[in-house]
Protein chains: 2
Amino acid sequence: MLLSYTEENYLKAIYHLSEDGKIDVSTNAISDALNTKPASVSDMLKKLSQKEVINYIKYQGVSLTPSGKKIALQIIRKHRLWEVFLVEKLNFNWDEVHEIAEQLEHIQSNLLIERLDEFLGFPPFDPHGDPIPNERGEMKAKKHTPLSETELHNQGKVIGLKETSPLFLQYLDKAGIYIGAKIKVMDKIEFDGSLEILIDNKKTILVSNEVAKNILIAES
Amino acid sequence: MLLSYTEENYLKAIYHLSEDGKIDVSTNAISDALNTKPASVSDMLKKLSQKEVINYIKYQGVSLTPSGKKIALQIIRKHRLWEVFLVEKLNFNWDEVHEIAEQLEHIQSNLLIERLDEFLGFPPFDPHGDPIPNERGEMKAKKHTPLSETELHNQGKVIGLKETSPLFLQYLDKAGIYIGAKIKVMDKIEFDGSLEILIDNKKTILVSNEVAKNILIAES
DNA sequence: ATAACAATTTAGGTTTGTCTAAAAAAAAAT
DNA sequence: ATTTTTTTTTAGACAAACCTAAATTGTTAT
Ligand SMILES: [Mn+2]
Ligand SMILES: [Mn+2]
Ligand SMILES: [Mn+2]
Ligand SMILES: [Mn+2]
């Protein structure tokens with residue numbers, strides 16, 4: 001089935017919104033995510049329901065059907081592969097790629113995306129540590145312990161981020177934090193939940209609780 | 001100025017139609033090129049005229065303004081660079097890339113296209129021998145003597161094509177003709193204008209006049 | 001010079017995706 | 001158990017890009 005650029009964006013938004021455990025996604029949440037009005041979302045949900053890519057009962061929220069989920073994962077696959085291309089091949093910084101990938105993810109060609117995947121060496125993760133689905137929509141589960149919940153003195157590695165906004169990524173660059181960096185929590189300040197962390201056994205810095213919540217760690 | 005996907009395609013079509021020496025392009029020619037109805041073209045010409053990217057006098061055809069021409073050349077630059085990428089990096093055949101480039105040419109990001117150009121080594125020509133405009137819209141003029149008008153026994157090199165449809169490209173593959181191939185005209189059959197040609201001093205084949213008109217030669 | 005034909009434009013509609021304002025339903029508060 | 005507030009849907013409009021049918025302008029042939 002062929003969906004429009006806009007319909008694809010709705011499916012992707014619904015997928016991302018239901019990622020945080022939520023089973024049913026609300027009209028308002030979608031309108032927030034896509035910067036449209038709730039009334040426009042209602043219209044679109046009716047249309048997507050007709051096309052059988054979402055389960056929709058009026059006033060009761062929405063979820064993806066298996067076929068809708070498959071489409072959403074294909075778009076996410078394309079988005080993340082293009083992000084890898086931009087960073088690995090065209091030397092973009094990780095905070096510059098999202099906007100361009102938002103456009104590139106809608107290019108229609110299965111052959112293109114399979115060739116791109118091959119050209120990039122079948123990367124399992126994108127520049128922000130997010131897993132890249134394969135053709136069947138399967139991806140490596142990345143276990144996510146936020147840095148804010150890591151035990152004191154435990155050594156871990158940065159495997160991903162909850163936030164990927166340019167401002168946050170630029171902050172991380174400045175702090176010397178990147179995907180793969182070794183991090184050890186040296187001290188927890190009870191007052192505001194900020195953490196003293198040792199990066200790569202070299203540099204000790206203080207990060208706020210807000211920052212720590214958005215850094216995902218694989219403990220070792 | 002920001003133009004829509006569709007407006008960009010109109011400018012590109014007008015540019016290509018005026019390439020063949022024509023100063024003013026007709027409504028019907030545009031509607032043919034874009035597979036739309038003349039009435040739709042009239043609507044769009046009014047809009048493009050308002051945006052000052054075309055010179056338009058009702059009933060008298062249309063031409064690009066300097067700013068319209070600049071935009072058209074930027075789109076063509078993007079199209080051709082992406083074609084090089086697809087062939088050189090993703091191993092596509094030259095007859096498979098046009099459709100995908102039609103989509104990729106509309107991706108908006110100056111940085112992207114400059115980085116891509118650099119990544120590809122600043123190629124002066126695309127896989128079909130067409131010149132790639134630089135950021136300022138300048139490109140190498142390619143002199144075009146159709147093979148059909150080449151002197152008997154003259155040796156030349158294939159530098160481009162007039163037609164780049166998949167069917168024609170596939171025919172050339174089969175015949176062993178490619179950009180850069182050495183060609184010598186051995187005989188001209190007066191009856192139908194077909195030619196006996198020697199390719200790379202190895203293989204002699206017969207090509208129709210129709211084919212010969214669409215192969216561009218640099219004589220040496 | 002006029003009639004016939006071809007090219008182009010206008011008039012009036014459709015579809016997609018958006019909006020605002022108003023109505024209806026669900027959830028929260030009293 | 002009502003009332004109030006919030007969420008969601010419907011009603012009615014609009015812009016972009018297309019269409020068909022009809023009117024207009026330009027071109028060619030008599
Ligand atoms: Mn992204
Ligand atoms: Mn990402
Ligand atoms: Mn092309
Ligand atoms: Mn080309």
Side-chain angles (χ1 to χ4, degrees), chain A residues 1-15 17-18 20 22-64 68 71-72 75 102-103 105-106 108, chain B residues 1-15 17-18 20 22-64 68 71-72 75 102-103 105-106 108:
Chain A
M1 193 193 316
L2 319 89
L3 298 183
S4 72
Y5 187 103
T6 308
E7 291 170 328
E8 288 191 346
N9 279 338
Y10 272 87
L11 289 190
K12 192 171 51 124
I14 295 166
Y15 179 90
L17 288 167
S18 56
D20 324 328
K22 296 212 177 49
I23 299 164
D24 284 316
V25 176
S26 77
T27 298
N28 275 2
I30 298 169
S31 93
D32 270 13
L34 295 177
N35 274 302
T36 57
K37 301 292 161 181
S40 309
V41 174
S42 281
D43 284 350
M44 183 56 91
L45 293 183
K46 219 177 294 164
K47 194 157 56 125
L48 292 174
S49 179
Q50 206 111 47
K51 297 196 176 185
E52 299 186 27
V53 290
I54 62 171
N55 306 115
Y56 175 50
I57 306 167
K58 265 199 252 185
Y59 293 104
Q60 271 171 244
V62 73
S63 64
L64 296 176
I71 295 170
I75 302 163
E102 285 289 306
Q103 300 178 60
E105 73 189 5
H106 299 288
Q108 303 278 10
Chain B
M1 190 193 316
L2 319 90
L3 297 184
S4 72
Y5 186 104
T6 308
E7 290 170 328
E8 289 191 345
N9 279 337
Y10 271 87
L11 289 190
K12 192 172 49 124
I14 294 166
Y15 178 89
L17 288 167
S18 56
D20 323 330
K22 298 212 176 49
I23 299 165
D24 284 316
V25 176
S26 75
T27 299
N28 275 2
I30 298 169
S31 92
D32 269 12
L34 295 177
N35 273 302
T36 56
K37 301 293 161 180
S40 309
V41 175
S42 281
D43 284 350
M44 182 58 91
L45 293 183
K46 219 178 295 166
K47 195 158 53 125
L48 292 174
S49 180
Q50 205 110 47
K51 298 196 175 185
E52 301 186 27
V53 291
I54 61 172
N55 306 115
Y56 174 50
I57 306 164
K58 266 200 251 184
Y59 292 104
Q60 273 172 242
V62 73
S63 64
L64 295 176
I71 295 170
I75 302 163
E102 286 288 306
Q103 300 178 60
E105 73 190 5
H106 300 288
Q108 303 277 12

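The model shown is predicted, which means the values in this text are computed figures rather than measured ones. Numbered from 1 within each chain, the chains take letters A, B, ... in sequence-line order.
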Once rounded to the nearest 0.5 Å, what's the spacing between atom CG of B:L2 and atom CD of B:E8?
9.5 Å
Please tell me if B:Y56 has a side-chain N or O lying less than 4.0 Å from either OP1 or OP2 of C:dT8.
no
Members of residues 24-32 of chain B that approach DNA chain D, where some heavy atom sits under 4.0 Å away:
none
Round to the nearest Å and state the distance from B:K58 atom NZ to C:dT10 atom P.
4 Å
Taking side-chain contact (heavy atoms from CB on, under 4.5 Å) as the definition, give me every residue that meets it alongside A:E102, ordered by chain and number, with sequence neighbours left out.
A:K12, A:H79, A:H98, A:E105
Steps toward side chain to side chain contact (heavy atoms under 4.5 Å, CB included) verdict (B:L64, B:Y15)
CA-CA 7 Å; B:L64 295 176; B:Y15 178 89; 3.8 Å; yes
So the salt bridge (Lys or Arg N to Asp or Glu O under 4.0 Å) pairs with at least one residue in residues 50-63 of chain B (sequence neighbours excluded) are B:E7-B:K51
Among D:dC19, C:dT20, C:dT18, find the nucleotide with the atom closest to the side chain of A:T36.
C:dT18
Write down the distance between CE (B:M44) and P (C:dT8), rounded to a whole number of angstrom.
17 Å
In terms of side-chain heavy atoms of A:K37, which of C:dT20, C:dT9, D:dC18 is nearest?
C:dT20
Take the protein atom CG of B:L34 and the nucleotide atom C1' of D:dC18, then report the distance between them rounded to whole Å.
12 Å
For A:Y10 and A:V62, run side chain to side chain contact (heavy atoms under 4.5 Å, CB included): C-alpha distance rounded to whole Å, both residues' side-chain angles, the deciding distance at 0.1 Å, then the answer.
CA-CA 11 Å; A:Y10 272 87; A:V62 73; over 6 Å; no
Please determine if a side-chain N or O atom of B:K46 lies less than 4.0 Å away from the OP1 or OP2 oxygen of C:dT10.
yes
Nearest to the A:S42 side chain among C:dT20, D:dT8, C:dT18, which nucleotide is it?
D:dT8
Quick one: B:Q60 CD to D:dG26 C1', roughly how many Å, whole number?
9 Å
Using modelled atom types and a 3.5 Å cut-off, is there a donor and acceptor pairing between side-chain atoms of A:S31 and backbone atoms of A:N28?
yes
Atom pairs under 3.5 Å, N or O on each side, protein against nucleotides 22-25 of chain C: can you list them with distances?
none

Atom-pair distance (CG on B:L45; C1' on C:dA7), nearest Å
13 Å
Euclidean distance, A:D24 CG relative to A:Q60 CD, rounded to 0.5 Å
8.0 Å
Can you measure B:D43 atom CG to D:dA15 atom P for me and round it to whole angstrom units?
14 Å
Taken to the nearest whole Å, CD1/B:I54 to P/C:dT8 is 13 Å
Side chain to side chain contact (heavy atoms under 4.5 Å, CB included) assessment of B:I54 paired with B:L11:
CA-CA 8 Å; B:I54 61 172; B:L11 289 190; 3.9 Å; yes
So do the side chains of A:T36 and A:M44 get within less than 4.5 Å of each other, counting heavy atoms only?
no
Sequence neighbours left out, what passes side-chain contact (heavy atoms from CB on, under 4.5 Å) with B:Q103? Give chain and number order.
A:I107, A:Q108
Indicate the atoms forming the closest heavy-atom contact of A:L34 with A:N9, along with that distance.
CD2-O, 3.9 Å
Residues in residues 4-14 of chain A with a heavy atom under 4.0 Å of DNA chain C, by number, are A:S4, A:T6, A:Y10
Please test A:L45 against A:I30 for side chain to side chain contact (heavy atoms under 4.5 Å, CB included), starting from the C-alpha separation and ending with a verdict.
CA-CA 10 Å; A:L45 293 183; A:I30 298 169; 4.2 Å; yes
Calculate the interatomic distance between A:L48 atom CG and C:dT16 atom C1'; express it in whole Å.
13 Å
